[in-house]
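As structure tokens, the structure follows; a few thoughts come after it.
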Amino acid sequence: MAEKRLLLIDGNSVAFKAFFALYNSLGRFTNGEGLHTNAIYGFNTMLETMLKNVDPTHVLVAFDAGKVTFRTKMYDDYKGGRAKTAPELSEQFPYLKKLLAARGIKTYELKNYEADDIIGTTAKRAEDAGFATTIVTGDRDLTQLANDQTTVAVSKKGVSEVERYTPAYVTEKMGVTPEQIIDIKGLQGDNSDNYPGVTGVGPKRAVDLIDKYGSVEGVYEHIDDITAKKLKEHLIADHDNALLSKKLATIDRNAPVELTLDDLVYQGPDTDALVAFYQEMGFRTFLKKLSVDGETPSAVTGLQPIDYTELTADNLDQINLGDSCAFYLELDGDNYHLVDFAGFVIGTDDQWWVSRDVHLLEQAPLKAALEDTKVSKQVFDAKRTYVGLNRLGITLRGVDGDLLLASYLLNTYDNSNDLGRVAAEHGYDQVETDEDVYGRGAKRTIPTDDTVFFTHLARKARAIEHLRTQLFNDLEENDQVKLYREIELPMTFVLARMEIAGITVDADELRAMGSKFSEQLAEIEQTIYNEAGEEFNIGSPKQLGKILFEKMGLPVIKKTKTGYSTAVGVLEKLAAEAPIAENILKYRKISKIQSTYVEGLLKVIHPDDHKVHTRYLQTLTQTGRLSSVDPNLQNIPVRSAEGKAIRKAFVPRHKGWQIFSSDYSQIELRVLAHMSHDENMQEAFREGQDIHAATARRIFKLGPDEEVTPNIRRQAKAVNFGIVYGISDFGLSQNIGISRQQAKRFIDTYFQEYPGVKAYTERMVQLAHDQGYVETIAHRRRYLPDINSRNFNQRSFAERTAMNTPIQGSAADIIKIAMIRMEDAIKDLQATMLLQVHDELIFEAPAEEMATLEKLVPKIMDSAVDLEIPLNVESHYGPTWFDLK
DNA sequence: CGTATCACG
DNA sequence: ACGTACGTGATACGT
């Protein structure tokens, strides 16, 4: 290692990168005063890694001085048209400088010059003085500075990871030497810095030309050797542009930088200043890293101490909870149906009782308080708490506040299952995350140290009590109190009871299917090996790709990031000329069913009750739908005959009982008809028409006597789906295998025929722009920050979600309302509601209740909300989930 | 731990 | 010109 090592950092560009790398977590990174800290956090992460890796003797962070530089004098529009820096980022720069000062790192900016030029100049001086230099930047243009003594580390997508550009690596990666980077930029220009280059020359042609002729000047010396006519014309016409662009791209290595290398000596941080800074920013993790030994945690973490009392059988009677308390049941893992209990905390008004012995909860006065509707409980994740207590024989009642639900409703991105995280998102910093206290992944354990564990529990309870008012005020402000009180909170207990009920799965049936599938798999496997001429792992896309496209020489239809695509669409195209493709598809289908459904389900059948108990995640999706895990019972096969057979194993829990199911037909299109007020679409639903056929008549302009063929109905159905998903001509064309132009004509005609729908899509996008979010009929919100993104993809995605979320989310609202009313409606029956699959509810009940359910369930479902058009519900029942008729 | 694939609405 | 359908979860592979 060289004796003198210089670390040079491009301050603006790294901060920018850090800001966007952590942009999705913008909400999580704010300090007590509401200052955003994501860029500072990311920058500091980068600093820690680079300081460790480079171990520099000298450090400098260079910043841009302002908009006007010598380059803007050369070219007025340099960096013109750039959107203003986000205020959430600009506000962080002063603090970034404060961080650097505390770390003992020099910062520097120079009027009329950019950070690049300071770096280029300093790097050159360092080279002359025999330094080894590392430049850190987010901007690949700086790789022009790479040479034997200087490496350019360009930060990758995350901030702490960098790609190190040595001259050899520059050539490998970009196809030219570091010195030639500026020639490339000269020819191709730079969109983000807003200078033009030569028309028609992109990265590919630029590299070709520079490879051949060495430099921009070289290209023009040999201009007559260029045979491509158009290219030559453009080169001649844009000669001035090319020279100017090259100049603009060239980093000035002789800028009047006043700092000498001696000014940059790095002696490490001022620890006191750094601790103070981390505290100001609320950087807990960084603080922890600083406190190696000796220091008391509270001084470092900024956490106030907290008092608590350990409960025992002897002091139980001293508890006084009054009419309201906070409660947190700690479990040793995610699956609350199975995992061990770890302890609990209960209390109010800074009186916290804690214990590891959950059986104390079964005794007076705790059990009574937990079951008393008049003692209002504040919790975090009521469903988890309800199921956990149920295992102890306690029925939780009187829950008034669920912080997790409230937080999710306020912002669907705040869906962490960790109280500490959620608290931090709402600006409360007096509780650590479980990850901080218990560790992560395999290393996660409940601490054996009572003080550590109980302190954390007490802080959780205090956080629940503290945050309650704030979150409820926010709900009120958003007009979401009804959504919380009348939908999500009651829903959580309905779901808890469904999860506890579980659904019976016939393991013998599954095992029998499993052996049949194994035989089939063995047979197909042999056929495939014969066709391929060798044995290989069919389950490995990589090995499969080699066989199909290299050994067998089949045409490559699509590529993925890492190699050849072997997805269904590709194999279907290949099937015509290669029978192996058909067999692979068959193999895939069966092995999917075997591993995910036969083996997967067998693993989670509870040995005592022969049931599976899923967990519905109520605070995960961005639309308000539920999701189902461990196992996922919302994706049990139905579309293929082989897969559907799995449903034979889902049976009622008693002999003589039946499985009963009701589903909304086309609920999303009906919601669209309602929200868009489109008269034509509403008419179709009011008259009970087949909506896809009706759409087909309209977009294909069929006369009254013309027949809707299955094929045009299928196409119309795809267009209807497309509309719901936030249509694009490309997406539609891909889906039904037509040309993009054809797809565009379909969409145009669709919007002519359903003008209300067109207006709806435009209205939702506009709304998202104006208020930053869209809403469902029950005021569920989804924020769409990307709606104003300069990135086309991100913006387009946000626009499609703006159209889709109110539809999908309102449908989710509707079935939730139905489920809550359903519990009450069937309370006198033996029927039990078991599953929800987005637009479908599944029950088990004695055969003699079928007739009742057939009337009752659809009635509750279709009257859940009052829309401008009717809802339609269809019901089926049978001895297993497979045989519904 | 990320990627590809495929199961569902 | 950009490069796409919306919302999920589980499994196997390979780094």
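Letters go in sequence order (proteins before strands), and every chain restarts at 1. Values below: every heavy atom of this structure, side chains too, minus hydrogens, waters and symmetry copies.
- Applying the 4.0 Å criterion to OP1 and OP2 of C:dG7, one finds that A:R782 has a side-chain N or O inside that range.
- Not a single donor-acceptor pair, N or O on each side, falls under 3.5 Å between the base of C:dT8 and the side chain of A:S627.
- Ring-plane geometry between A:F660 and A:Y877 is classed as parallel, the angle between the planes falling under 30 degrees on a 0 to 90 degree scale with a further cut at 60.
- Atom C1' of nucleotide B:dA4 and atom NZ of A:K589 are separated by 19 Å, given to the nearest angstrom.
- Take the nearest nucleotide of DNA chain C for A:S796 and for A:T805: the residue whose nucleotide is more 5' is A:S796.
- For A:Q634 against B:dC8, a side-chain-to-base donor-acceptor contact under 3.5 Å is absent.
- Side-chain atoms of A:K592 come within donor-acceptor range of the base of B:dC6, with a qualifying N/O pair under 3.5 Å.
- Remark: side-chain polar atoms of A:N241 are not paired, donor with acceptor, to backbone N or O of A:P196 under 3.5 angstrom.
- The partner of B:dG2, taking Watson-Crick or G-U wobble pairs whose two distances both stay under 3.5 Å, is C:dC13.
- Contacts of A:D839 with the nucleic acid, taken as non-hydrogen atoms under 4.0 Å apart, involve only primed sugar atoms and P, OP1 or OP2.
- Note: CZ (A:R740) to C1' (C:dT4) measures 9 Å, nearest angstrom.
- A salt bridge is absent between A:D334 and A:R615: the closest approach of a Lys/Arg side-chain nitrogen to an acidic carboxylate oxygen does not fall below 4.0 angstrom.
- Whole-Å rounding puts the A:L601 CG to C:dT11 C1' distance at 13 Å.
- OP1 and OP2 of C:dT8 both lie 4.0 Å or more from every side-chain N or O belonging to A:T623.
- Phosphate contact (OP1/OP2 of B:dA4, side-chain N/O of A:T562, threshold under 4.0 Å): present.
- Between C:dG7 and A:R625, no contact under 4.0 Å exists linking OP1 or OP2 to a side-chain N or O.
- Checking A:S595 against A:V724, the closest nucleotide of DNA chain C that is more toward the 5' end is the one next to A:V724.
- Judged by distance alone, with hydrogens and angles left aside, the side-chain atoms of A:D678 form a donor-acceptor pair with the main-chain N or O of A:M681 at under 3.5 Å.
- Using a 4.0 Å cut-off, some side-chain N or O of A:N537 falls inside it from OP1 or OP2 of C:dC13.
- Going from atom CD1 of A:I538 over to atom C1' of B:dA4 covers 17 Å, rounded to whole Å.
- Here the side chain of A:K542 is nearest to one of C:dG14, B:dA7, C:dC6, namely C:dG14.
- Atom name P, nucleotides B:dT5 and C:dT4: the rounded distance is 15 Å, in whole Å.
- A:S591 comes within contact range of no nucleotide atom at all, as no heavy-atom separation falls under 4.0 Å.
- For C:dT4, there is no paired nucleotide, since no Watson-Crick or G-U wobble pair has both relevant distances below 3.5 Å.
- Without hydrogens or angle criteria, A:T614 side chain to A:P631 main chain gives a donor-acceptor distance under 3.5 Å.
- Note on A:Q622: only backbone sugar-phosphate atoms sit closer than 4.0 angstrom, heavy atoms only; bases stay farther off.
- Distance from the side chain of A:T566 is smallest for B:dT5 among the nucleotides B:dC8, B:dC6, B:dT5.
- A:Q734 has no side-chain polar atom (N or O) that falls below the 4.0 Å cut-off from OP1 or OP2 of C:dG3.
- Residue A:T560 has a polar side-chain atom (N or O) positioned under 4.0 Å from OP1 or OP2 of B:dA4.
- Contacts of A:L732 with the nucleic acid, taken as non-hydrogen atoms under 4.0 Å apart, include base atoms.
- With hydrogens and angles ignored, the 3.5 Å screen pairs a side-chain donor or acceptor of A:R647 with a backbone N or O of A:P637.
- In the set C:dA10, B:dA4, B:dC6, the nucleotide with an atom closest to the side chain of A:K561 is B:dA4.
- Between the P atoms of B:dA4 and C:dA5, the separation comes to 13 Å (whole Å).
- Within the model, atoms CZ of A:F650 and CD1 of A:I636 stand 4.0 Å from one another, a figure rounded to the nearest 0.5 Å.
- Between A:R795 and C:dC2, a side-chain N or O to OP1/OP2 separation shorter than 4.0 Å is absent.
- Atom CG of A:L672 is separated from atom P of C:dC6 by 16 Å (rounded to the nearest Å).
- Between the P atom of C:dT8 and the CG atom of A:N635 lies a distance of 14 Å, rounded to the nearest Å.
- With hydrogens and angles ignored, no donor-acceptor pair under 3.5 angstrom links the side chain of A:R800 to the base of C:dG7.
- Within 4.0 Å (heavy atoms only), A:I636 reaches sugar-phosphate atoms of the nucleic acid but no base atom.
- Residues A:R625 and A:E668 are paired through a salt bridge, judged by an N-O separation under 4.0 Å between the basic side chain and the carboxylate.
- Residue contacts for A:A743: at a heavy-atom cut-off of 4.0 Å it reaches no nucleic acid atom on any strand shown.
- Between the C1' atom of C:dA1 and the CG atom of A:N793 lies a distance of 11 Å, rounded to the nearest Å.
- Summarising the geometry, the separation between CZ on A:F730 and P on C:dT4 is reported as 7 Å, rounded to the nearest angstrom.
- Contact check, A:S540 against C:dG14: a side-chain N or O comes under 4.0 Å of OP1 or OP2.
- A:R588 comes within 4.0 angstrom of sugar-phosphate atoms only, judged by non-hydrogen atoms across all strands, and of no base.
- If you check every strand for non-hydrogen atoms under 4.0 Å, A:G726 touches nothing.
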